[in-house]
Protein chains: 4
Amino acid sequence: MSLRERKIAKKKEDILRSAVRILAEKGYQGTTMEDIAANLLMTKGAVYYYFRDKQDLLYQSHQMLLERSIENVKYIQQQDISIEEKLKHSMVVHVEHVVNEQSGFELMLKPEQFFSEEQQEKLRELQAKYSHCFDEIIQEGIQMQVFRNLDKKIARNILFGAMNWVTQWYTADGKKDKKEIAAVIADYLMLMLLKNK
Amino acid sequence: MSLRERKIAKKKEDILRSAVRILAEKGYQGTTMEDIAANLLMTKGAVYYYFRDKQDLLYQSHQMLLERSIENVKYIQQQDISIEEKLKHSMVVHVEHVVNEQSGFELMLKPEQFFSEEQQEKLRELQAKYSHCFDEIIQEGIQMQVFRNLDKKIARNILFGAMNWVTQWYTADGKKDKKEIAAVIADYLMLMLLKNK
Amino acid sequence: MSLRERKIAKKKEDILRSAVRILAEKGYQGTTMEDIAANLLMTKGAVYYYFRDKQDLLYQSHQMLLERSIENVKYIQQQDISIEEKLKHSMVVHVEHVVNEQSGFELMLKPEQFFSEEQQEKLRELQAKYSHCFDEIIQEGIQMQVFRNLDKKIARNILFGAMNWVTQWYTADGKKDKKEIAAVIADYLMLMLLKNK
Amino acid sequence: MSLRERKIAKKKEDILRSAVRILAEKGYQGTTMEDIAANLLMTKGAVYYYFRDKQDLLYQSHQMLLERSIENVKYIQQQDISIEEKLKHSMVVHVEHVVNEQSGFELMLKPEQFFSEEQQEKLRELQAKYSHCFDEIIQEGIQMQVFRNLDKKIARNILFGAMNWVTQWYTADGKKDKKEIAAVIADYLMLMLLKNK
DNA sequence: TATGAATGAGCTTTCATTCAT
DNA sequence: CATGAATGAAAGCTCATTCAT
């Protein structure tokens, strides 16, 4: 990648990061291009230089979040720790990510409204990839008789719902900090999965 | 209530019901008054005859949903069944409600954007009331040594998150119908709470 | 006129009186049919029973005001008093009328916007009639060498402007009451007209 | 001021000038943003680029008119001419201004309906400033025994009313042109004020 | 690359007017 | 005669998007 391309890529990521935050805060329809640009001390026009349109920005934000999440969990998955540890750790990282980005699911709501069929396809694929990482861990845990014999998909959706909901109730001024909250949530959810608890 | 008042109340409720559904589908900003009206074969003007403005409509939708949920759980709470049954049953009803209305949490997102301080106050009160019903059951379960000694608030938020998330993944065309899904979700979440499981 | 016709006429006048006041206060475009009806504890529908449309109401209000003004000045004109007294008295009555109705000229602004050609014709006629009453007095005063030899039309327009403007600055809470103010304005304007002053 | 700022200021003034004319013609409620924009071959959106909202436009129009009037009269006041000449000249300029802008008082009607308390305060201040200029001349004339000993405020209000009313009756197609009419009005009104006439 | 003026479609809201009852 | 529910046109305003510079 040339220097120029690097610079562009860097700028794009800056914009995406800003967009993610604001989109998470105000929702897709509630966020204006002005908002996103102003937050970066740019003008709207400049944003349009990097992204075709608002929808493209949303799409790439979404994509970036998912890809980062996948990286996170992949990294954990290949570590040499117990299956129990893997799941718990994955959840902690997920919750932390959600809390940090103040997002995690605002963007995931009703994708069919915003995205083209092609884009939806790509996003579904990424989501499936991410989901699959969890499914695999759960599957392995069940086979190893560490986890109860639950329906993988339903269990995984329960985990996701419980984790993503954290943006609705966690406030930084509480007694617990992000790490503690993430740990507690993960612990509690593990109770659902673990045998002999 | 006179006949006329009854008719107005009925019409208002029709509109609210329609609004709830569409708002849940498209989000607040994504829903137009036209959408809501057209869905009922009315004109925008007619909707404005019954509601001051869009925000008023959103507020009352929200309120209606919460009040109905409170009624549901209150009804269950006073039944003569075990604490375990109470919680499970409450969850089943909640999930069914969420699935039926296709809502349950889209409306709860970022209320500070849409509502006046006064309205937020009222809604927070209703939410607190609803949450409190669950907290009480959990509390009682803990005291009776039926439930694990978890942090009530965190546990309740996990339940809510897991339940509300169902709108994201449940589709009517799956193998399981609403009732079954609701039962499974409730069962799985009970595993988190129950001792000796 | 039958009793029924009398009742209708009475109701019409009530509405006109109410309309005049509100139109004067809020302007034509700023006044809604709702405002006018509510002020009389009626419904909009009822007003439409008596008047074809809003414009008709405005037209008839206008007409009523002008006719009353003409009556006023005609009455004075036939009295057996000096020409000087006639003009002064006419002005006093005009100012009092304007102050009482809080109108007098809001309604006269840009009639071409609101009225049909036919209606404008009729109103112009009434206005001309009213103006003519003043012109005649002025004319007579000039011929009798009591008034200066001014251009009648210009002089009359100056009088009207000065008198109608009173709604802009007179407030009931001042030192002078309506009668006093009307007298002072008339006196001052007489200075413009009277010779040997 | 940079070139860009100059251009913006110029555009703003163009819009204001257009707005003043149309507002004077149709009144505040009767004027649409579309009207104002179309008159300048712009789109509504462009107008909104320069002014926050319709009310802001009205306010600034009003302000511009008043400030220009104040400049006019201030300029005359400092000239080395007799007090009589000062007043007469001020009136001539006022009438010419009113006729040219086709406004002068439509905008002054019922400001409490349109403006915020703060805006009203500012406008009252400017109006007071303008009125004060006339009051001072009148006061000086009285002290110098050139003018009759009239109530300053009432006299000034009579002058304003008479002058502003000109928009109601002066039409360019008459025998007299603007300058002549302004001179006649001023002359006639001087008769009210001057002693020994 | 970046700017910012401008566009235009679309949204919320108001209100004169109609009409069945 | 009167009501009030409903309509529909039009207004104010927003904002994604474009484009000349």
Side-chain angles (χ1 to χ4, degrees), chain A residues 4 7-8 11 28-37 40-58, chain B residues 3-5 7-8 11-12 15 28-37 40-58, chain C residues 4 7-8 11 28-37 40-58, chain D residues 3-5 7-8 11-12 15 28-37 40-58:
Chain A
R4 210 178 122 265
K7 264 176 90 175
I8 289 187
K11 198 97 186 184
Y28 180 63
Q29 314 260 13
T31 301
T32 70
M33 292 300 271
E34 189 71 48
D35 289 338
I36 293 169
L40 289 161
L41 304 177
M42 302 171 109
T43 57
K44 278 182 291 180
V47 176
Y48 274 92
Y49 183 80
Y50 295 98
F51 297 91
R52 193 177 8 272
D53 53 29
K54 189 182 174 184
Q55 205 246 48
D56 185 35
L57 190 52
L58 175 67
Chain B
L3 178 66
R4 227 192 95 246
E5 280 168 328
K7 261 175 101 173
I8 288 189
K11 198 97 188 186
K12 272 193 160 184
I15 297 174
Y28 180 63
Q29 315 257 14
T31 302
T32 69
M33 293 301 271
E34 187 74 47
D35 289 338
I36 294 169
L40 290 161
L41 304 178
M42 300 172 113
T43 56
K44 277 178 293 179
V47 177
Y48 275 94
Y49 187 80
Y50 294 97
F51 296 91
R52 197 185 351 283
D53 53 28
K54 190 181 173 183
Q55 207 247 51
D56 184 36
L57 189 52
L58 174 66
Chain C
R4 209 177 125 267
K7 263 176 92 176
I8 290 188
K11 198 98 186 183
Y28 180 63
Q29 315 258 14
T31 301
T32 69
M33 292 301 271
E34 188 72 47
D35 289 337
I36 293 168
L40 290 161
L41 304 177
M42 301 171 111
T43 57
K44 278 181 292 180
V47 176
Y48 274 91
Y49 183 78
Y50 295 98
F51 297 92
R52 191 176 11 270
D53 54 27
K54 190 182 174 184
Q55 206 247 48
D56 185 35
L57 191 51
L58 176 66
Chain D
L3 179 66
R4 227 192 96 248
E5 280 169 328
K7 262 175 100 173
I8 288 189
K11 198 97 188 184
K12 272 191 161 186
I15 297 173
Y28 180 64
Q29 315 257 16
T31 301
T32 70
M33 292 302 270
E34 187 75 46
D35 289 337
I36 292 169
L40 290 161
L41 304 178
M42 299 171 113
T43 56
K44 273 180 298 179
V47 177
Y48 277 95
Y49 186 78
Y50 293 97
F51 297 91
R52 198 183 350 281
D53 53 28
K54 188 181 173 185
Q55 208 247 51
D56 184 35
L57 189 51
L58 174 65

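Here is how names work: the chains are called A, B, and so on, in the same order as the sequence lines, proteins then strands, and each is numbered from 1. Values in this document were obtained by computation on a predicted structure and should not be read as measured data.
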Earlier contact from the 5' end, DNA chain F, for D/T32 and B/K11: B/K11
5' precedence on DNA chain F between A/D53 and B/Y50 (nearest-nucleotide basis): B/Y50
What is the distance, rounded to the nearest whole Å, between atom [atom1] of [X] and atom [atom2] of [N]?
X	N	atom1	atom2	value
C/L58	E/dA16	CG	P	12 Å
A/R52	F/dA16	CZ	C1'	15 Å
D/M42	E/dG8	CE	P	13 Å
C/Y48	E/dT21	OH	P	22 Å
D/Y28	F/dA11	OH	C1'	12 Å
A/D56	F/dT17	CG	C1'	14 Å
D/M33	E/dG8	CE	C1'	15 Å
A/K54	F/dT14	NZ	P	15 Å

Write down the partner of E/dT17 under the Watson-Crick or G-U wobble criteria, each distance required to be under 3.5 Å. F/dA6
Heavy-atom closest contact ([X] atom, [Y] atom, distance):
X	Y	result
B/I15	B/F51	CG2-CE1, 3.7 Å
B/G30	B/D35	O-OD2, 3.9 Å
D/D53	D/M33	C-CE, 4.5 Å

Residue whose nearest DNA chain E nucleotide is more 5′ - A/I8 or D/A46: A/I8
5'-most contact on DNA chain E (nearest-nucleotide basis), C/Q55 vs A/K7, goes to A/K7
At less than 3.5 Å, do the side-chain atoms of B/K44 and the base atoms of F/dT7 form a donor-acceptor pair? no
Carefully, step by step, assess A/Q29 and B/Y28 under the rule side-chain contact (heavy atoms from CB on, under 4.5 Å). CA-CA 8 Å; A/Q29 314 260 13; B/Y28 180 63; over 6 Å; no
Over all strands shown, is C/R4 touching base, sugar-phosphate only, or nothing at heavy-atom distances under 4.0 angstrom? sugar-phosphate
Does the pair C/Y50 and C/M42 meet the rule for a side-chain contact (heavy atoms from CB on, under 4.5 Å), with working shown? CA-CA 12 Å; C/Y50 295 98; C/M42 301 171 111; 4.2 Å; yes
Given F/dA2, is OP1 or OP2 found less than 4.0 Å from the side-chain N or O atoms of C/Y49? no
